[in-house]
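The next block holds one structure in the form of structure tokens; read it before the comments.
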Protein chains: 2
Amino acid sequence: MTDDQAAEAEPVTKKDQALQAAARCFVEEGFHGSSMSRIAKAAKMSVGHIYHYFASKDEIIAAIVREEEIKADEKLAYFRSLPAEALHEALITKIDEAACHLSDMFHSVLMLEILAEAARNPEIARIVQELDTSMRNGFIEIIGQRMGLSNAEARVEVLFSVIGGLAIRAIRNPDFDRRSVVPVIEGVIGQILSEH
Amino acid sequence: MTDDQAAEAEPVTKKDQALQAAARCFVEEGFHGSSMSRIAKAAKMSVGHIYHYFASKDEIIAAIVREEEIKADEKLAYFRSLPAEALHEALITKIDEAACHLSDMFHSVLMLEILAEAARNPEIARIVQELDTSMRNGFIEIIGQRMGLSNAEARVEVLFSVIGGLAIRAIRNPDFDRRSVVPVIEGVIGQILSEH
């Protein structure tokens, strides 16, 4: 992983700078391998400075998950803005894009670290599950109410499995040409979004 | 996570005992949080003893992945033993089972740890990717040659995404009744295994 990939967005505030350095540490050395002093060093700040923004590593993860939540809300707002008859096509297009752009290993590994930590740490589990519940409810509303599909909860569960599963494939099978899965993914999403 | 879940099979050899203790440490404290001395303590053995079996933590992960490989080979052998016309049904049944039995959080978290480490450590990446290649080739043979489906590589890629993605859902949405996804999963697998 190069520094370029790790630091996609320029940090705008000192707090962002600390957050990005912490994310880089988690990816490079794991959540448990990243002490606050190590994060401070990576952020080129004092340990006291890091503690000024975040009382603990848990709070850093909470902030990272909050950023995910903002991105998720933007996606939901986009789908909500579309007329019902455009939703099927728009969902397929977005998921095709996600399937082809799995080169963001940094983000995938960060999510793996957070999920592994969620299984150990009830506070992180709560944060991760809250984000999931909010995204899930958003998509259940879109698929169930707006698209009028039955069994929307189970459909969303499988949809989220496919998207999460695709992100992991980039680690297990990195040389694969992702574009070749597009027709198969389109069939699968079409199936999830159809009544039979 | 209870100890019962962590120590499913009774260790039969001292080496197994070390391996199970290491897996438990990786799950409970992360790969980077688990030193060889910590693993020794968990295994109730001396550090020298652990080093006698495994020269490094990388070798421990290699041994864990080798156990996955044995399980994967058993699955492949089962599918190979079936007549071609029974494969569609057998694949759906096995994946339904996998979708419903996501209570094995210990295994899911161990895999997350290993995958996150694979993204950091080229030797672990090589081991993980070798296992994936071997499973993938086995399923490409079953789906492509025995079931006669086109584009088998992409179908297997999506099949593996769905299965891997389902395992992660147990962390993100633990209270969900997994059985309710069965009809959706069956539709999806049917779609992956059909020509249009």
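Order of the sequence lines sets the chain letters (A, B, ...), proteins ahead of strands, with each chain counted from 1.
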Which of the residues [options] is involved in the greatest number of heavy-atom pairs with chain A at under 4.5 angstrom?
options                                : value
B:Asn151, B:Val162, B:Val188           : B:Val188
B:Ile171, B:Val128, B:Leu115           : B:Leu115
B:Leu112, B:Val182, B:Ile185, B:Leu110 : B:Leu112

Notebook entry, point to check: Does a donor on one side chain sit under 3.5 Å from an acceptor on the other, for B:Glu157 and A:Asn173?
Noted result: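 Side-chain D/A pair, B:Glu157 to A:Asn173: present.
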Margin query: I'd like to know whether B:Arg169 forms a side chain to side chain contact (heavy atoms under 4.5 Å, CB included) with A:Asp132, so could you lay out the CA-CA distance, the side-chain angles of the two residues, the decisive distance to 0.1 Å, and finally the verdict.
Written below: CA-CA 9 Å; B:Arg169 295 301 302 156; A:Asp132 197 74; 2.7 Å; yes
Notebook entry, point to check: Relative to chain B, which segment of A:Phe31 carries a heavy atom at a distance below 4.5 Å: side chain, backbone, both, or neither?
Noted result: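 Answer is neither: A:Phe31 stays 4.5 Å or more from chain B.
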Item checked: A:Ala116 portion near chain B, given a 4.5 angstrom heavy-atom threshold ->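 Its backbone and side chain both get close to chain B.
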Notebook entry, point to check: Does the A:His32 side chain pair with the main chain of B:Glu29, one donor and one acceptor, at a distance under 3.5 Å?
Noted result: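 Flag set: sc A:His32 to bb B:Glu29 pair under 3.5 Å.
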Check: Under the 3.5 angstrom rule, does the side chain of A:Arg120 hit a backbone N or O of B:Val27 as a donor-acceptor pair?
Finding: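 Looks like yes, one N/O pair under 3.5 Å.
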Atom [atom1] of [X]: over 12 foreign heavy atoms under 6.0 Å:
X        : atom1 : result
A:Arg179 : CZ    : no
A:Arg38  : CZ    : no
A:Glu123 : CD    : yes
A:Glu69  : CD    : yes
A:Glu59  : CD    : yes

Closest non-hydrogen atom pair, [X] against [Y]:
X        : Y        : result
A:Met111 : B:Arg172 : SD-NH2, 4.3 Å
B:Pro174 : A:Gln129 : CG-NE2, 3.4 Å
A:Ala154 : B:Ser180 : CB-O, 3.3 Å

Checklist line | Most chain B-contacting option - heavy-atom pairs closer than 4.5 Å, from A:Glu117, A:Arg136, A:Glu130 | finding: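 Maximum pair count with chain B is reached by A:Arg136.
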Next item on the list: Could you have a look at A:Gly164, A:Gly187, A:Gly165, A:Ala125 and say which one has the most heavy-atom pairs with chain B under 4.5 angstrom?
Entry: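 Ranked by contacts with chain B, first place is A:Gly165.
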